[in-house]
Structures are given as structure tokens and as C-alpha cells.
Amino acid sequence: MAFVRKVRTASGAVAVQVVRKQRGRHEIIAHVGSAHTDVELGILLERARQLLHGDQGMLDLDVPAPVEQIADVADWRAGQLLRPPTGTSGELAGPGRTVRTCARLLYDVLASIYDRLGFDVVDDAVFKDLVIARIVEPTSKIDALRVLDDLGADPVSYKTIQRHLVRVVADDYRDRIAQRCFAYAAETGGLGLLLFDVTTLYFEAEKEDDLRKVGYSKERRVDPQIVVGLLVDRTGFPLEIGCFEGNQAETHTLIPIVRQFQARHDIEGVEMVIAADAGMLSAANLAALDDTGLKFVVGSRVTKAPGDLTSHFRWHGDVFTDGQIVDTVTPRHGRSVVNTVKKRAEPVWDPLGHPTSWRAIWQYTRKRAVRDNQTLNAQEARARAVVDGTQKAKATRFVKTTARGQQVDDVALARARSLVGLKGYVTNIPVSVMAPGEVIGKYHDLWHVEQSFRMSKTDLRARPMFHRTRDAIEAHLTIVFAALAVARCSQDRSGVAIAKLVKQLRPLRTSTIAINGAIQNFPPQIPAAEQELLARLGFETGH
């Protein structure tokens with residue numbers, strides 16, 4: 001007759017066996033496994049019962065069984081040949097069930113990056129959970145409770161979240177997060193070049209207030225919005241964030257963010273290079289950056305090319321070779337004239353010799369020329385359609401209105417075609433310090449900050465925003481700022497975009513099993529590809 005036997009092993013575990021008694025001897029039919037916990041014992045006992053009754057087609061999973069504990073099994077190592085029951089004899093446990101599954105592995109991975117960045121200096125578990133939830137599935141604060149439950153985080157109430165959001169501003173979490181971001185960027189060598197850009201975040205609201213105002217929107221929205229400035233290092237890792245009124249001009253955001261960054265870290269006068277796009281090209285911005293001792297590389301507008309390249313066009317015409325660079329000067333103010341056609345050679349800019357100008361670098365590429373020509377061809381076709389009356393008249397480039405009606409502005413079109421392929425850069429870095437090619441390279445690093453903005457607006461969905469008060473908005477931006485830092489660090493270490501990382505790790509579920517009167521969590525089986533990903537992140541799985 002076969003039966004299930006439990007015996008203590010030399011390690012202290014309990015081995016579960018299916019045995020049968022034959023001619024006075026016990027013969028082991030199957031060794032099911034060894035258990036270290038009551039849950040494992042329950043699983044092995046159910047498996048043993050399936051083996052035992054398999055020939056009869058009997059499945060015992062749904063049949064309540066007596067609770068059996070490891071402590072009830074005699075331990076021969078302690079000289080116990082028999083051990084009396086601990087009081088559970090006769091108690092029945094329901095069948096084994098999976099209570100829940102959760103993506104705890106993903107939570108633990110992101111939490112490890114959060115701690116590695118030093119963000120645990122903010123002693124607030126709820127803030128940490130909100131940062132992780134925003135990375136995994138950006139949603140509203142109340143829906144973040146669902147996300148956190150799926151991640152296996154400790155449950156909290158929505159009122160608890162609201163109380164902790166107040167602390168984010170009151171206790172200045174952003175300062176502590178920004179300090180750790182600065183330290184991380186300093187360790188990784190990213191502070192030599194700082195990149196700046198702005199974006200707008202709109203609100204699902206009808207009325208304006210002191211902060212949320214209707215302003216210029218690239219998406220042509222008429223909702224109240226705020227303007228957000230983001231300063232990152234050369235890799236796109238965030239260093240400073242700030243918000244402004246929705247009708248604030250973009251050119252008025254750069255200097256406040258830079259000064260806020262300098263004051264926070266007490267680094268005024270430290271030599272750094274700020275790169276920004278042409279939207280930041282204003283005389284006041286450039287003068288302020290220069291006065292603070294900062295170097296800058298700012299995109300120029302193509303409309304400034306004719307003035308900057310006056311002597312070049314005079315002596316060399318408007319034909320360029322692929323990759324050709326013209327290093328010259330540009331006036332600090334529109335009323336100034338700093339270039340002259342009397343000299344064939346372009347002036348070499350230096351701060352003492354050219355106090356009314358900045359250094360300007362113009363580069364021509366064939367690839368850019370092809371793209372510019374395609375745009376101009378489309379604009380010319382639209383202009384001619386408006387003039388011919390085949391398209392509705394509206395603000396259209398290269399259409400001028402005269403006494404004889406609307407006409408194509410052939411002069412402006414020809415001038416635009418003479419500038420195709422050109423891209424300009426304005427800087428206060430002398431050629432003796434930095435060659436033109438390196439200046440251009442620093443400007444092109446701006447794609448990192450644009451990528452960070454795309455990440456914050458798509459992967460992290462910083463918008464639309466549903467907060468009403470300024471403190472709530474600032475708290476939301478601090479969460480987005482911290483989440484962006486964790487996401488960038490994870491992405492840089494793993495080489496995998498944060499959205500893909502979440503997609504790979506979230507299906508690896510931790511199972512919570514209730515069986516034999518006990519509950520236990522079982523980690524997921526990790527495939528080889530995900531194991532390699534975790535190794536790149538420096539995450540130890542423990543198995």
C-alpha cells in the first residue's frame with residue numbers, strides 16, 4: 001500500500017516522499033522534493049497526493065486537507081524521534097490557490113536605481129512609490145494606487161498621497177533631488193556641457209489664473225498652460241526644472257533657470273557651456289550668460305545669414321561645398337554692423353577685439369540643402385496656388401500683396417534658395433579655445449534634451465495636468481523630474497529605452513500562494529534575455 005511520508009533531512013528541511021510498504025520494508029516510489037516553509041510543504045504534499053492517486057484518476061487539489069507544519073515533523077538531529085502536533089491536528093486548510101500576482105521585480109529594479117541615485121535622502125516611501133508608478137504607467141494620482149498595487153507596493157490611501165504631496169513642496173524635496181542629480185552628473189562627467197530647452201504643459205481647465213494662462217502653443221491649443229524649462233547634462237540627465245506663466249516668452253526662461261541652478265549648487269563663475277536652440281537667441285540672454293562667466297552655443301536664425309555672410313557672398317558667391325564652414329562674426333544687436341565686404345578674409349572673433357559682436361559659425365551640408373529645398377518647393381507651390389486662386393488665401397510665405405493684387409515674392413524666394421543647407425551657431429567661445437567643428441558638435445548634443453522632453457511628455461506623460469494650485473503643480477513637476485532621472489539612469493545603464501525596459505520586466509510576475517494554512521511569495525522564472533538586462537543594471541536577483 002502506498003502513502004505519503006515526511007522525513008527530516010540533514011539540512012533541517014522536510015523531504016516529502018511517496019513510499020509503499022512491501023514485505024516489511026519501505027520502498028520509495030518518488031522523492032517529491034524538500035520543503036523549508038509550510039507553504040512549500042503544502043505544495044509538495046499536494047503534488048505527492050496527485051502522484052499517489054494518479055492511477056485512479058483522482059485530483060486532490062480541491063479537497064481540503066489537514067494543516068501540516070514543518071514543526072510537527074520529528075527532528076532526529078535534536079534527538080526527537082517523535083514530535084507531538086503543535087495544536088493544528090484536525091484543522092483543515094482550503095485547497096492551494098494563487099492569491100495574487102504582481103510585478104514586484106520591476107518595482108524592485110526601479111527602486112534600486114532610485115536608491116543608487118541617492119534619492120532615498122528623501123525619507124518618504126509614498127513619494128518614492130509615486131515616482132516609480134509614473135515611470136511604469138503614467139496616470140493620475142488616484143489611479144496610481146492601482147499601478148502600485150500591481151507592482152506589489154505597500155498599499156496606501158488617496159488621502160495619504162494628498163498629504164505627502166503637500167510635503168513635497170513644504171519640505172523642498174526638489175532641492176534634495178536636484179542635489180543628488182548634480183552629484184551623479186559630476187561623477188559621470190556630464191557637467192561640462194549643459195543643454196536647455198522649454199516646452200508647454202496644458203491643463204484640462206477652462207479658466208486662467210496667476211500661473212495657468214493661455215499662451216503660444218506649437219500645437220495651436222487654446223487651453224491654459226504653463227511653460228516648463230529643463231536643464232540637462234550632455235547625456236540628457238536632468239539637472240534643473242522650473243515652471244513659468246503660460247504666456248511667458250521662451251526667451252525669458254533660460255536665465256532664471258541657469259541662475260537657479262547656479263545658486264542651488266553655489267557654482268557661480270564655474271566655467272560651463274550652455275547650449276540652446278534659436279528660440280533662446282536674444283541679446284539679453286546672451287549678454288546675461290556672458291556676464292555670469294558662462295560660455296554658450298545658441299542656434300542662429302537663417303534670416304541672419306545674409307548679414308553674417310555678407311563678405312563671403314561678395315567674394316565667393318552663394319555656392320558651398322558639402323560640410324563647408326564659415327567662421328565669422330555676428331552683431332550683438334540688430335542695429336550694429338560688424339562685417340564688411342572690403343576685406344576678403346573673415347574676421348577672427350575675440351572678446352576684446354570685437355566688443356559689439358559674437359562669434360558666428362555657419363555650416364553648409366548637402367543633406368540639409370535637400371531637405372530645405374523640399375520645404376521651399378512645397379511653400380512655393382502653396383504660394384502660387386494662393387495667387388492663382390486655387391487655394392484659399394491665408395498667411396502664406398512668399399505671397400506679397402500689391403496694388404495689382406497678390407503676387408509671388410520671387411525676390412524673397414530667390415533669397416531663401418540662396419541660403420538652403422546653411423545652419424548658424426552663435427557663441428562666445430574663441431576659436432583659440434574651441435574649433436568650429438567642436439562648437440557645432442556641442443550644439444547637436446541638444447537632441448538629448450529634446451529626447452528628455454519627449455520622454456517626460458510621452459513615456460512619463462507630464463501632460464495634460466489636472467492640478468489646480470501652484471504647490472500641487474510644483475509637486476507634480478518634482479515627481480516627473482525624479483522619474484525622468486531614474487528613467488535616464490536606467491536607460492543609460494541598460495542601453496534599453498525605459499518603455500521597453502518596463503515592457504520586458506512587467507510580465508515577470510511574483511506569485512503569492514496560499515496553501516496548507518500559510519502564505520508565501522514565489523519570485524518569477526527570469527529568462528536569459530531579462531537576466532542579461534538585470535546584469536547591465538547591476539541588479540542582483542538572489543537566485
Side-chain angles (χ1 to χ4, degrees), residues 110 114 117 119 122 124-148 151 153 156-178 180-181 197-213 215 217 221 223-232 238-246 248 253 256-257 260 264 452-488 498:
L110 295 176
Y114 181 97
L117 286 170
F119 291 172
V122 175
D124 188 334
V126 174
F127 176 80
K128 180 178 183 178
D129 284 353
L130 290 174
V131 169
I132 293 174
R134 179 144 295 273
I135 297 171
V136 174
E137 187 180 331
T139 183
S140 65
K141 299 297 184 297
I142 192 168
D143 198 37
L145 296 173
R146 173 189 57 81
V147 178
L148 291 170
L151 293 172
V156 297
S157 68
Y158 182 56
K159 286 187 176 180
T160 299
I161 288 179
Q162 289 178 310
R163 288 198 305 269
H164 283 256
L165 285 177
V166 173
R167 291 178 54 189
V168 171
V169 176
D171 295 345
D172 202 2
Y173 285 9
R174 189 182 300 177
D175 181 66
R176 282 179 272 176
I177 294 294
R180 298 312 306 159
C181 287
D197 203 354
V198 296
T199 189
T200 54
L201 303 182
Y202 67 88
F203 293 79
E204 297 291 344
E206 296 181 358
K207 296 182 179 180
E208 296 179 297
D209 54 32
D210 292 340
L211 178 62
R212 302 177 299 169
K213 294 181 180 296
S217 170
R221 302 187 68 95
D223 303 287
Q225 64 181 24
I226 61 172
V227 177
V228 177
L230 181 66
L231 189 69
V232 305
L239 296 172
E240 195 72 42
I241 194 170
C243 69
F244 305 85
E245 294 79 5
Q248 180 80 280
T253 60
I257 292 291
Q260 179 178 297
R264 189 188 303 278
S452 289
F453 263 132
R454 285 195 300 272
M455 180 184 295
S456 66
K457 290 186 290 188
T458 55
D459 294 343
L460 303 181
R461 293 183 202 165
R463 64 183 187 182
M465 293 171 65
F466 301 93
H467 300 285
R468 296 187 300 275
T469 66
R470 180 158 196 146
D471 282 355
I473 292 169
E474 293 284 7
H476 175 78
L477 288 180
T478 300
I479 291 171
V480 171
F481 181 65
L484 180 57
V486 174
R488 291 295 315 192
I498 188 62

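Contact detail for Ile226 and Ile473: the closest heavy-atom pair is CD1-CG2, 3.8 Å. Across Thr139 and Ala144, no two heavy atoms sit closer than the pair CG2-N, 3.8 Å. Of all the heavy atoms in Val136 and Leu110, the pair that sits closest is CG2-CD1, 3.6 Å. Scanning all heavy atoms of the two residues, the minimum distance from Leu239 to Ala178 falls at O-CB, 4.1 Å. Closest non-hydrogen pair, Ala475 versus Val169, comes out as N-CG2, 3.9 Å. A pairwise comparison of heavy atoms in Val227 and Glu245 identifies CG2-O, 3.5 Å as the closest pair.
Not a single donor-acceptor pair under 3.5 Å links the side chain of Arg134 to the backbone N or O of Ala482. Not a single donor-acceptor pair under 3.5 Å links the side chain of Arg174 to the backbone N or O of Gly242. Remark: side-chain polar atoms of Asp124 are paired, donor with acceptor, to backbone N or O of Val126 under 3.5 angstrom.
A distance of 13.5 Å separates CD1 in Ile161 from NZ in Lys159, rounded to the nearest 0.5 Å. To the nearest 0.5 Å, atoms CD1 (Ile479) and CG (Leu484) are separated by 13.5 Å. Annotation: the span from Thr253 atom OG1 to Phe244 atom CZ amounts to 5.5 Å, rounded to 0.5 Å. Taking SG of Cys181 as the reference point, atom CZ of Arg488 lies at 12.0 Å (rounded to 0.5 Å). Rounding to the nearest 0.5 Å gives a distance of 5.0 Å between CD1 of Ile241 and CG of Leu477.
Here Phe481 pairs with nothing under the ring-ring contact (aromatic ring centres under 6.0 Å, His included) rule; sequence neighbours left out. Annotation: salt bridge (Lys or Arg N to Asp or Glu O under 4.0 Å) contacts of Arg163 (sequence neighbours excluded): none.
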Show the numbers, then the answer: is there a side chain to side chain contact (heavy atoms under 4.5 Å, CB included) between Asp172 and Arg176? CA-CA 7 Å; Asp172 202 2; Arg176 282 179 272 176; 5.9 Å; no
Run the side chain to side chain contact (heavy atoms under 4.5 Å, CB included) test on Val122 and Arg180 for me, step by step, so that the C-alpha distance in whole Å, both residues' side-chain angles and the decisive distance to 0.1 Å come before the verdict. CA-CA 10 Å; Val122 175; Arg180 298 312 306 159; over 6 Å; no
Val486 vs Phe119, side chain to side chain contact (heavy atoms under 4.5 Å, CB included): CA-CA, chis, key distance, verdict: CA-CA 9 Å; Val486 174; Phe119 291 172; 4.0 Å; yes
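A heavy-atom distance below 4.5 Å is not found between the side chains of Lys141 and Gln162. Here the side chains of Val166 and Asp471 are not in contact, with every heavy-atom distance at 4.5 Å or above. Under the 4.5 Å side-chain criterion, counting only non-hydrogen atoms from C-beta, Leu151 is not in contact with Asp129. Within the 4.5 Å cutoff, no side-chain heavy atoms of Leu230 are placed close to those of Asp197. For the pair Ile177/Phe127, a side-chain contact is recorded, criterion being any heavy-atom separation below 4.5 Å from C-beta on. A heavy-atom distance below 4.5 Å is found between the side chains of Leu130 and Leu165.
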